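All figures in this text were calculated on a predicted structure; none of them were measured in a lab. Convention: sequence-line order gives letters A, B, ...; per-chain numbering from 1.
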Amino acid sequence: MSGDHSHNDSQIDSGSRHNDSHKHKDKYKDKEHKHKDHKKDKEREKSKYSNSEHRDSSDKKHRDKERLKLKDGSSDKQKDKHKEKKKEERSFDDKPKKEKENGFESPFIKSEPENNFYHSLKHEKSLKRERDDDDAEFKPKKIKTENDRSEKKAKKRKQEEEDIKPKKKIKNKKGEVATDGKKKGKKEPEEKWKWWEEERYTDGVKWKFLEHKGPVFAPPYDPLPSNVKFYYDGKHMKLSSTAEEVATFFAKMLDHEYTTKEVFRKNFYKDWRKEMTSEEKSKITDLNKCDFSEMSEYFKAQSEARKAMTKEDKQKIKEENERILQEYGFCIMDNHKERIANFRIEPPGLFRGRGDHPKMGMLKRRIRPEDIIVNCSKDSKHPKPPPGTKWKEVRHDNKVTWLVSWTENIQGSIKYIMLNPSSRIKGEKDWQKYETARRLKKCVERIRAQYRDDWKSKEMRIRQRAVALYFIDKLALRAGNEKEEGETADTVGCCSLRVEHLTLHQEMDGQEYVVEFDFLGKDSIRYYNKVPVEKRVFKNLQLFMEDKEPEDDLFDRLNTSILNKHLQELMDGLTAKVFRTYNASITLQQQLNEITNSEDNVPAKILSYNRANRAVAILCNHQRAPPKTFEKSMQNLQTKIDAKKEQLADAKRELKSAKADAKVRRDEKSKKAVESKKKAVQRIEEQLMKLEVQATDREENKQIALGTSKLNYLDPRISIAWCKKFGIPIEKIYNKTQREKFAWAIDMAEKDFQF
DNA sequence: GTATCCACTTAGAATGCGTCAC
DNA sequence: GTGACGCATTCTAAGTGGATAC
């Protein structure tokens, strides 16, 4: 079906974030009444359905016949389900490490007590790694015996003991050996931990030992120098420190479009007033009379000064950052030093919601130690709160992966500090995600047959479910959870589509049954697409939209929970999201198989790869604002190409005259000259081609973001196998960070891997 | 059945920083 | 040595989906 994915240029060309589009501004601005009578509407739709069923009588004739045809699908389903449930049994042993030093200043990794807080896995019978029976490729390279493993572990432990002796030698993540925090130039090859060759935890246990140093807090507020003034109504006004701090948040954003938006200004002003003294409150009554320009200039000057710092000063800052990274940027999880993704607490500032977010401009308050919940092993060295403060809580929950959490004040949601994508805990999950998508590959045809059959169901809820699933599969739409009104921007996914988001065209541009989608998805990115659909889908949509107001739900009998419950019955672990992963990966695989030309040189092959990647990004609607410097950089590139062309013409002329010369002279020297000129021409031709390929690639990428799909949707094994097969260095496809994230795939994917 | 909470992944923008041309 | 540029990294918002309470 992926070949059937209906995306077209219009999907990207018209795409933009909501706030850039006037059309959308008008269309979506006034939604306050939107879901008020939501439940009432659902009831209305229910009663309506019994009346509307007969209207679809033209379809009904074929219904029974076709159902008979499709009947076999259910037995397949049972078979597949059975298969999927088979698991391979493997034993597990992971003894805790005895007291050891680590790379932190705190020198101990303590042993875990015998009467473990964490249930001892050692004696547990046959704990399993969930995997498909017939997925031979995904088995770890070697299934280790108890002896193998303990031997290897002992070796590893010895190695780690060496690695983590503090102050003497600190091994950083690059494998560079540093002494007393200072880097040495030479890299030592680091023995990479192949967690993918080891067992996974089961029963929701995420780790057995976790030690870290806690978060790094935002620096305290540094008051403005006295010469930087704030003016109200043209007059200088000295602000209290608290009010001044909040004012600086606004001043720092003065050049940003945000500060021109009414909602942003209103929210900021409201929250700012809460931080003012009563005197300030009575004086400052109109944001329009506030003059933040001196503050703004001051911050710009500071930024310039930072850029203009001496090399030495810059180096000092870099070293300090490195020191903080070494101290706070790593944790010890189950005997391994793992990189933490975001160990810094988000600093206070003004909330930057995307799209038309009703809360943009609100004050994101400063997070204090008293807001922080720390998660670590009971028997680890617990992180210390800053002097004179205490944590909100220290807990020891090994069923979660986070190290630190706090509740933010804008939406009341919880924020977490977690591990880097290169960590075992994230990598395993990632691998598993692609395995689930590959399992879907095996049964997707059966599922498709079923939802096609369900388009004819007598029950409205089943028809809606089937049409929604068709969209999720065909168009890679997101599931579309319900959202709390007034809390977030008005965006939708498949299940939350409203009537106003679709226009049905019986005939359009010479095609029948065209559905025009126009809505704002995640991050208020516009989804615009005109898709020819099957007649039955079209008829169903007409039915779903009948007698509804534009702001009514298209699928009033469906939500993500119902849909996912259904999907779970079709395949173990199947959710709406899996379709996106599956369709993205299978599209990449098919595109690469189709468009790679083994005769091409490396740049041309990479262009093919990027084109395949681009097809996926378009499918998933991954857009970006064209870079501000886009036009200029294209111009520069064109200038380079022109110069190269001239250079080539010159080189060719020189070659010609060298040839003529050689013909006359007939000596070795002139022959050699011809050869060297020939080589020069070749070299320049290659350079020119490289530049031209680069220009094409850049132009095609103008509004498309490739990174998101590369990082989150494309099974890395596809790309790695492709690299191996066509002799492309992996570095050309994945940068260092990406290679670290996909280390598991780089290690296990052979050139014949197919998704 | 529905709302809410929680944990986690996915997302584009902002910022940082290394490289290259001059 | 410097500044422009573009890629890499960081930041944090905005999703998904499971668990739980009512």
Side-chain angles (χ1 to χ4, degrees), chain A residues 17 38-39 42 204 206 252-253 256 258 303 306-308 310-311 314 317-318 321 325 329 341-347 349 351-355 357 359-360 364 373 375 397 399-402 405 407-408 410-421 425-426 429-430 433 478-484 487-489 491-496 520-525 559-565 567-568 573-578 580-581 584 617 620-625 627-630 632-633 636-637 640 694 698 703-713 734-738:
Chain A
R17 179 150 294 157
H38 190 79
K39 279 185 188 165
K42 292 215 171 187
K206 302 287 167 50
K252 280 177 185 166
M253 290 178 76
H256 203 287
Y258 272 119
S303 163
R306 261 197 306 275
K307 279 181 207 158
T310 63
K311 237 183 177 178
K314 280 185 184 166
I317 291 175
K318 210 176 156 187
N321 283 336
L325 172 71
N342 55 326
F343 55 89
R344 288 173 201 272
I345 298 284
E346 293 172 20
F351 176 70
R352 300 176 176 218
R354 314 238 169 106
H357 200 295
K359 296 192 169 186
M360 65 166 78
K364 250 179 75 167
I373 302 174
N375 193 31
D397 182 357
K399 298 257 169 109
V400 296
T401 64
W402 54 266
S405 77
T407 304
E408 55 90 31
I410 304 289
Q411 335 240 27
S413 63
I414 306 168
K415 300 258 181 168
Y416 301 95
I417 288 182
M418 290 185 188
L419 295 193
N420 188 273
I425 218 157
K426 295 288 182 190
K429 245 335 207 4
D430 211 33
K433 174 180 77 186
R478 294 187 186 84
N481 281 324
E482 282 165 86
K483 299 167 77 187
E484 216 179 317
E487 291 292 303
T488 55
T491 62
V492 296
C494 186
C495 294
S496 50
L520 301 178
K522 184 178 180 180
D523 292 326
S524 293
I525 298 289
N559 60 36
T560 52
S561 172
I562 294 170
L563 179 66
N564 281 335
K565 244 177 228 163
L567 293 175
Q568 192 62 45
L574 184 61
T575 64
K577 194 164 82 88
V578 179
R580 235 166 117 80
T581 312
C620 294
N621 201 36
H622 291 145
Q623 298 186 37
R624 63 167 186 176
K628 282 168 197 154
T629 52
F630 183 82
K632 202 181 168 198
S633 87
N636 288 349
L637 197 53
K640 271 188 192 171
Q694 203 184 341
R698 198 178 292 176
Q703 295 181 84
I704 301 168
L706 298 186
T708 306
S709 49
K710 206 176 195 179
L711 235 47
N712 301 300
Y713 288 103
Y734 292 128
N735 66 31
K736 188 168 82 54
T737 312
Q738 292 164 342

> Quick one: side chain to side chain contact (heavy atoms under 4.5 Å, CB included) partners of A:Ile373, sequence neighbours excluded?
Replying inline: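 Partners of A:Ile373 under the side chain to side chain contact (heavy atoms under 4.5 Å, CB included) test: A:Lys392, A:Glu393, A:Arg395, A:Trp402, A:Ser405.
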> What residues form a side chain to side chain contact (heavy atoms under 4.5 Å, CB included) with A:Ala341, not counting sequence neighbours?
Replying inline: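 Once residues adjacent in sequence are excluded, A:Ala341 has no partner under the side chain to side chain contact (heavy atoms under 4.5 Å, CB included) criterion.
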>> For a quick check of understanding: with a heavy-atom distance under 4.0 Å over all strands, which category does A:Pro421 fall into, base, sugar-phosphate or nothing?
In response: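 Here A:Pro421 touches no strand at all.
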> With sugar-phosphate meaning primed atoms plus P, OP1 and OP2, does A:Lys364 contact a base, only sugar-phosphate, or nothing at under 4.0 Å between heavy atoms?
Replying inline: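 Sugar-phosphate contact only.
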Of the listed nucleotides [options], the one nearest the side chain of [X]:
X: A:Arg344; options: B:dG12, B:dC8, C:dC11; answer: C:dC11
X: A:Gln411; options: C:dT12, B:dA13, C:dA14; answer: C:dA14
X: A:Trp402; options: B:dC8, B:dT10, C:dA14; answer: B:dC8
X: A:Tyr416; options: B:dT10, B:dC8, C:dA14; answer: B:dC8

Atom pair distance, as rounded to whole Å: [atom1] in [X] and [atom2] in [N]:
X: A:Phe343; N: C:dC11; atom1: CZ; atom2: C1'; value: 12 Å
X: A:Asn559; N: B:dT4; atom1: CG; atom2: P; value: 14 Å
X: A:Phe351; N: C:dC11; atom1: CZ; atom2: P; value: 18 Å
X: A:Lys565; N: B:dT2; atom1: NZ; atom2: P; value: 10 Å
X: A:Lys314; N: C:dG1; atom1: NZ; atom2: P; value: 13 Å
X: A:Ile525; N: B:dA11; atom1: CD1; atom2: C1'; value: 8 Å
X: A:Lys429; N: B:dT9; atom1: NZ; atom2: P; value: 5 Å
X: A:Asn342; N: B:dT10; atom1: CG; atom2: P; value: 16 Å

> Partners of A:Tyr713 by ring-ring contact (aromatic ring centres under 6.0 Å, His included), sequence neighbours excluded?
Replying inline: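 A:Tyr713: ring-ring contact (aromatic ring centres under 6.0 Å, His included) contacts with A:His622.
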Sequence-distant partners of [X], side-chain hydrogen bond (donor to acceptor under 3.5 Å, both in side chains), two or more places apart:
X: A:Lys206; answer: none
X: A:Lys314; answer: none
X: A:Asn481; answer: A:Thr560
X: A:Thr407; answer: none

> What does nucleotides 14-20 of chain B look like as a protein-contact string, B for base, S for sugar-phosphate only, - for none, at under 4.0 angstrom between heavy atoms?
Replying inline: S---S--
>> Counting primed atoms plus P, OP1 and OP2 as sugar-phosphate and everything else as base, spell out the protein contacts along nucleotides 16-22 of chain C at 4.0 Å heavy-atom distance: B, S or - for each nucleotide, 5' to 3'.
In response: BBS----
Could you tell me whether the phosphate oxygens of [N], OP1 or OP2, come under 4.0 Å of any side-chain nitrogen or oxygen in [X]?
X: A:Lys206; N: B:dC8; result: yes
X: A:Lys426; N: B:dT9; result: yes
X: A:Lys483; N: C:dG15; result: yes
X: A:Thr491; N: C:dG15; result: yes
X: A:His622; N: B:dG12; result: no

> About how many Å separate CD of A:Glu482 and OG of A:Ser561, when rounded to the nearest 0.5 Å?
Replying inline: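 CD of A:Glu482 is found 9.5 Å from OG of A:Ser561.
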>> As an exercise, state the distance from CZ of A:Arg580 to OG of A:Ser709, rounded to the nearest 0.5 Å.
In response: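 It is 9.5 Å, given to the nearest 0.5 Å.
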>> Could you report the tightest heavy-atom contact between A:Arg624 and A:Ile704, atom names first, then the distance?
In response: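 Scanning both residues, the minimum pair turns out to be NE-O, 3.6 Å.
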>> Tell me every residue that passes salt bridge (Lys or Arg N to Asp or Glu O under 4.0 Å) with A:Lys710, counting only those two or more places apart in sequence or in another chain.
In response: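 A:Lys710: no salt bridge (Lys or Arg N to Asp or Glu O under 4.0 Å) contacts found.
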>> Going by the rule salt bridge (Lys or Arg N to Asp or Glu O under 4.0 Å), which residues pair with A:Lys364 if we only count those two or more places apart in sequence or in a different chain?
In response: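 Here the qualifying residues are A:Glu346.
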Sub-3.5 Å pairs of nitrogen or oxygen atoms, protein against nucleotides 3-8 of chain C:
residue : atom : partner  : partner atom : Å
C:dC5   : OP1  : A:Lys632 : NZ           : 2.6
C:dC5   : OP2  : A:Lys632 : NZ           : 3.2
C:dG6   : OP1  : A:Ser633 : OG           : 3.4
C:dG6   : OP1  : A:Arg698 : NH1          : 3.1

>> Need to verify one output field. Residue with the more 5' nearest nucleotide on DNA chain C, A:Gly521 or A:Ile345?
In response: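 The residue mapped nearer the 5' terminus is A:Ile345.
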> Taking A:Asn564 as the fixed residue, which of A:Leu574, A:Asn559, A:Thr575 is the one that meets the side chain to side chain contact (heavy atoms under 4.5 Å, CB included) rule?
Replying inline: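 It is A:Thr575; the other options fail the test.
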> Hey, which of these two, A:Ser709 or A:Val400, hits DNA chain B nearer its 5' end, going by closest nucleotide?
Replying inline: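 Its nucleotide being nearer the 5' end, the pick is A:Val400.
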> If you pin A:Asn712 and A:Ser561 to their nearest nucleotides in DNA chain B, which one's is more 5'?
Replying inline: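 Whichever sits nearer the 5' end wins; that is A:Ser561.
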